There are 2 protein chains.
Amino acid sequence: MSDSSKKRLRGDALRKTVLETTLRLFSDNGYFNTSIHDIRREAGVSIGAIYHHFRNKEALAQCLYDDLLQRMSVAISEVVEERTGCREQCRGIIALLFDLTVEEPRMMQFVLLAKHREYLPDEPPICSSQPFSMMRQVLEQGIESGEVRTIEPWVAATAMFGGALRMMSLELDGTLDRPLPEYLEQVLDCGWRAVKV
Amino acid sequence: MSDSSKKRLRGDALRKTVLETTLRLFSDNGYFNTSIHDIRREAGVSIGAIYHHFRNKEALAQCLYDDLLQRMSVAISEVVEERTGCREQCRGIIALLFDLTVEEPRMMQFVLLAKHREYLPDEPPICSSQPFSMMRQVLEQGIESGEVRTIEPWVAATAMFGGALRMMSLELDGTLDRPLPEYLEQVLDCGWRAVKV
DNA sequence: GTCTATAATCCGATAGAC
DNA sequence: GTCTATCGGATTATAGAC
């Protein structure tokens, strides 16, 4: 990222580099352990350039958060729309989450595990964000269609995806000894047994 | 807590008050949004008294964390030891966790949901702490005794408790409309279906 | 053991040149 | 649009009186 060989960045390219560097630093070290000067140094740009593109540090975090949440929303809704049946939709979502956790761990760390409300005071809890809302809807439709037992939607959603989310945390903590996607079938099977009729 | 009517605290009582105030502030506002001056003001003591009892801010957080983790460990091991059978032990653990979430939300917020590694760099991930280790052991014994299917212990533990932990997060975020303990039977039932033979 | 006052440092944000 | 230099303020931690 901070290759000294790169020529000076400008405009949108600079803005993109700043966002990528910020994700890396926020994800690895946390929001409060990352100063604007750290971002400046790692991104190879100036303080002034950062403040030209982002009102302040909080706005930078907000922008990053919105971007990533939007990307996750799109990815999940694609997976849901191209499949039919609650079980297959759940499988697609968990497979996507597991793949993203391996391929873009920092994105998952920042979006799913960070405590945003500590530095984005007006942000609603992550459970009310669109990705989580879609997961819940999948379960609700499963209940309507008779694939899933008639239980509280919140309970159904947490039972189906709670284990998968914990496994993602374990992967990001470096606790698992095998690659996360290898656990997919077992995790999905457990979740489905929990909610199926 | 910061009753102006209270007489001046000294020694262990002061130390205890500082820890209680710190838990409240760290839990409500986060470690980095809480200054030593905030603690001083809210606890009704002086900066000097705080630094007399704790080497620095990080040591204060470490002390609080160790205390609470120890309390949780004791509570969980008591529940496990006074019950027999994997299912009953799991029920006891989840019931305890749900009760604690309602009665001591700040403790649960700080112990289970905070990102300690951002300010306690040498702390291992929460999943390797004693409470989580005991939960895993309960599932492993269930596999040995034939009550639980033969699956990866990590998968079994996350399947059994992952939903409960997500429900606790929802409660702490104020998302649930009914008291958390009312969901106990449904959550336990889902977890058990996920792992039983 | 507790207090007040202050030192030393760091950070977010701004000003103004180019 | 990007840069450098710097300001004002907040924070952690210490010094030294009581």
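By convention in this document, chain letters (A, B, ...) are assigned in the order of the sequence lines, proteins followed by strands, and residues within each chain are numbered from 1. None of these values were measured; they are calculated from a predicted model.
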K.L.:
Tell me, for nucleotides 13-18 of chain C in 5' to 3' order, what letter each nucleotide earns: B for a base near a protein heavy atom under 4.0 Å, S for only sugar-phosphate near one, - for neither?
P.N.:
BB----
K.L.:
Can you tell me how far C1' of dC11(C) sits from CZ of F32(B), to the nearest Å?
P.N.:
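Rounded to whole Å, this separation is 14 Å.
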K.L.:
Considering only NZ, NE, NH1 and NH2 on the basic side and carboxylate oxygens on the acidic side, decide whether D189(A) and R91(A) come within less than 4.0 Å.
P.N.:
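Looking at D189(A) and R91(A), the cut-off is not met.
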K.L.:
Would you mind reading off the distance between K16(A) atom NZ and dG1(D) atom C1', rounded to a whole angstrom?
P.N.:
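Value for this atom pair: 19 Å.
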K.L.:
Whole angstrom is fine here: how far is it from CG in L60(A) over to P in dC11(C)?
P.N.:
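Computing the L60(A):CG to dC11(C):P distance gives 16 Å.
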K.L.:
Main chain of L170(A), side chain of D173(A): is a donor-acceptor contact present, judged purely on distance under 3.5 Å?
P.N.:
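No, D173(A) side chain to L170(A) backbone: no donor-acceptor pair under 3.5 Å.
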K.L.:
In whole Å, what is the span from the NE2 atom of H53(A) to the P atom of dG1(D)?
P.N.:
7 Å
K.L.:
Side chains of R117(B) and P125(B): closer than 4.5 Å at any heavy-atom pair?
P.N.:
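In short, these two side chains touch, coming nearer than 4.5 Å.
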K.L.:
What nucleic acid atoms does S35(B) come within less than 4.0 Å of, heavy atoms only: base, sugar-phosphate, or nothing?
P.N.:
sugar-phosphate
K.L.:
Does a side-chain N or O of R40(A) approach OP1 or OP2 of dT4(D) to a distance below 4.0 Å, or not?
P.N.:
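No, R40(A) has no side-chain N/O under 4.0 Å of OP1/OP2 on dT4(D).
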K.L.:
Does the N33(B) side chain pair with the main chain of N29(B), one donor and one acceptor, at a distance under 3.5 Å?
P.N.:
yes
K.L.:
Please determine which of F26(A), Y65(A), F110(A) meets the ring pair (Phe, Tyr, Trp, His ring centres under 6.0 Å) test together with Y31(A).
P.N.:
F26(A)
K.L.:
With side chains defined as the heavy atoms from C-beta onward, is the minimum distance between M167(B) and F98(B) less than 4.5 Å?
P.N.:
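A side-chain contact under 4.5 Å exists here.
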K.L.:
Output the rounded distance in Å from CZ (R41(B)) to P (dT12(D)).
P.N.:
12 Å
K.L.:
Given atom CD1 of I50(B) and atom P of dG1(C), what is their separation to the nearest angstrom?
P.N.:
16 Å
K.L.:
Given atom CG of L14(B) and atom P of dT2(C), what is their separation to the nearest angstrom?
P.N.:
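Rounded to the whole Å, the gap is 5 Å.
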K.L.:
R8(B) has an atom CZ; how far is it from atom P of dT4(C), in whole Å?
P.N.:
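Distance check: R8(B) CZ to dT4(C) P gives 8 Å.
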K.L.:
Without swapping roles, check the side chain of S77(A) against the backbone of V74(A) for a donor-acceptor pair under 3.5 Å.
P.N.:
yes
K.L.:
Quick check on dC3(D): is either OP1 or OP2 less than 4.0 Å from any side-chain nitrogen or oxygen of H52(A)?
P.N.:
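False: H52(A) side-chain N/O out of range (4.0 Å or more) of dC3(D) OP1/OP2.
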